[in-house]
Amino acid sequence: MEQVSIYNSIEIEGLRELLGTIDCEIAADEHFIIVVNNDEIAEDPYLKEAMMSAVAKGAKIIVIWPPDGNELALPEILRQLRTALIQFDAEALHDVICKKTGRNDVPSGGQYPAPKTDRHCC
């Protein structure tokens with residue numbers, strides 16, 4: 001598994017350039033899956049299985065809002081399993097990967113509710 005990989009099957013304009021701004025060393029045991037939220041992802045029948053498999057292997061899921069994604073809903077599996085939810089922004093990506101800063105951004109700038117972890121009693 002690559003240390004930083006992209007889940008999206010369609011080419012997202014500017015994504016490769018955005019990933020090129022990561023300027024820190026990533027430990028050999030760290031893995032990140034980048035998912036740009038879009039209409040394709042919302043209809044992807046393999047999304048849940050792929051994300052659960054990635055998390056089981058120790059990957060951290062970073063969801064990125066596309067530049068024009070103000071109207072998109074966040075698929076439930078990404079809402080639950082994400083490590084971070086950021087805008088299409090180099091500084092935000094750097095903070096999440098290099099500084100290990102958790103973020104939960106909405107496309108227009110505010111804060112998205114942090115993911116809730118289901119807790120089972122007893």
Side-chain angles (χ1 to χ4, degrees):
M1 181 186 290
E2 292 180 51
Q3 288 178 284
V4 178
S5 56
I6 301 169
Y7 179 74
N8 299 70
S9 62
I10 61 170
E11 184 70 27
I12 307 296
E13 185 176 339
L15 183 58
R16 294 273 175 206
E17 292 80 6
L18 183 68
L19 293 178
T21 66
I22 300 170
D23 62 353
C24 62
E25 291 294 322
I26 300 173
D29 63 343
E30 285 187 298
H31 304 285
F32 299 92
I33 304 291
I34 305 294
V35 181
V36 178
N37 191 31
N38 59 39
D39 292 329
E40 175 208 27
I41 291 298
E43 298 172 7
D44 183 346
Y46 305 108
L47 179 66
K48 182 175 182 175
E49 180 182 333
M51 295 302 105
M52 293 190 67
S53 176
V55 168
K57 294 176 184 173
K60 295 177 178 130
I61 299 171
I62 299 173
V63 181
I64 300 177
W65 294 108
D68 59 348
N70 289 344
E71 302 299 319
L72 292 172
L74 187 62
E76 183 66 18
I77 194 67
L78 296 179
R79 188 187 64 73
Q80 291 175 355
L81 296 181
R82 74 186 190 273
T83 298
L85 177 62
I86 61 173
Q87 295 177 358
F88 203 91
D89 176 75
E91 183 178 337
L93 185 62
H94 179 271
D95 287 352
V96 170
I97 291 179
C98 298
K99 295 182 179 179
K100 312 294 186 261
T101 305
R103 293 179 66 139
N104 290 295
D105 302 336
V106 294
S108 58
Q111 288 292 303
Y112 197 86
K116 294 181 181 176
T117 303
D118 292 336
R119 304 277 186 221
H120 297 284
C121 178
C122 310

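All values below come from the heavy atoms of this structure, side chains included, with hydrogens, waters and symmetry mates left out. No experiment lies behind these values; they were computed from the predicted model shown.
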- Tightest non-hydrogen contact, residues I12 and N8, listed as CD1-ND2, 4.1 Å
- Message: Rounded to the nearest 0.5 Å, what separates atom NE2 in H31 from atom CD1 in I26?
- Response: 10.0 Å
- Heavy-atom side-chain proximity of L74 to R82 below 4.5 angstrom: yes
- Taking every non-hydrogen atom, the tightest pair across Y7 and A50: CE1-CB, 3.5 Å
- Message: If we ignore hydrogens and angles and just use 3.5 Å, is the side chain of E49 paired with the main-chain N or O of Y46 as donor and acceptor?
- Response: no
- Item | Heavy-atom side-chain proximity of L47 to L78 below 4.5 angstrom | yes
- Note on the structure: Output for pair (I33 CD1, I61 CD1), nearest 0.5 Å, gives 7.0 Å
- Query: When rounded to the nearest 0.5 angstrom, what distance separates CE in M51 from CG in L81?
  - Reply: 8.5 Å
- Task: Without swapping roles, check the side chain of Q87 against the backbone of W65 for a donor-acceptor pair under 3.5 Å.
- Result: no
- Query: Side chains of E30 and I97: does their closest heavy-atom pair fall under 4.5 Å?
  - Reply: no
- Message: Between N37 and P66 (side chain of the first, backbone of the second, donor and acceptor by atom type, cut-off under 3.5 Å), is there such a pair?
- Response: no
- Task: Find the distance between CG (D89) and CD1 (I64) and round it off to the nearest 0.5 Å.
- Result: 9.5 Å
- Item | Shortest non-hydrogen contact from N38 toward L72 | CA-CD1, 3.7 Å
- Is there a side-chain contact between L93 and I34 (heavy atoms, below 4.5 Å)? yes
- Under a 4.5 Å cut-off applied to non-hydrogen side-chain atoms, are K48 and E76 in contact? no
- Working to the nearest 0.5 Å, report the span between CZ of R16 and CG of L18. 11.5 Å
- Got V63 and I41 here, is their nearest side-chain heavy-atom distance under 4.5 Å? no
- Nearest heavy-atom approach of M52 to I77 is CG-CD1, 4.1 Å
- Might you point out which heavy atoms bring A42 and P75 nearest each other, and give the distance in Å? CA-CG, 4.1 Å
- In Å, rounded to the nearest 0.5 Å, how long is the span from NZ of K100 to OG1 of T83? 11.0 Å
